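Numbering starts at 1 and runs along the sequence shown. None of these values were measured; they are calculated from a predicted model.
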Amino acid sequence: MNAERLNSGSVIANGREVPIRASCTLEEFLLQQKLLPRSVVVEHNSEAVAPSEFAWRQVQAGDRLEIVKIVAGG
């Protein structure tokens, strides 16, 4: 088994299983999902996360995320 497989897992994002590497920041995860960090609101393991925390908040296999896109309009 290679190291990549040993260091991988998945998170549940909006009720859907999403594969990830062993650990990454929330910002890295959002970018991997093609989401701009400044355009979403995130709950990580039932805790609201301030955008200022995205760059250092770690996401690991087994975590649960709820991600809501912010839409502006008038």
Please report the shortest heavy-atom distance between [X] and [Y], naming the atom on each side.
X	Y	value
Gln60	Ile20	C-CD1, 3.7 Å
Phe29	Cys24	CB-SG, 3.9 Å
Ala61	Gly9	CB-CA, 3.9 Å

Is there a side-chain contact between [X] and [Y] in this structure, where contact means two heavy atoms from C-beta onward sitting under 4.5 Å apart?
X	Y	value
Leu35	Lys69	yes
Val11	Arg64	no
Glu66	Asn14	yes

Cluster overlap [X] with [Y], hydrophobic side-chain contacts below 4.5 Å:
X	Y	value
Val49	Val68	no
Ile67	Ile12	no
Val59	Leu31	no

Would you compute the distance between atom [atom1] of [X] and atom [atom2] of [Y] and round it to the nearest 0.5 angstrom?
X	Y	atom1	atom2	value
Glu47	Arg57	CD	CZ	4.5 Å
Ser23	Glu28	OG	CD	8.0 Å
Thr25	Trp56	OG1	CH2	11.5 Å

* Between Leu65 and Glu43, is a side-chain contact (heavy atoms from CB on, under 4.5 Å) present by the stated rule, with each step listed? -> CA-CA 6 Å; Leu65 299 167; Glu43 187 178 272; over 6 Å; no
* Expected output: side-chain Asn45 to main-chain Asp63 donor-acceptor under 3.5 Å ->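 Checking the backbone N and O of Asp63 against the side chain of Asn45, no donor-acceptor pair under 3.5 Å is found.
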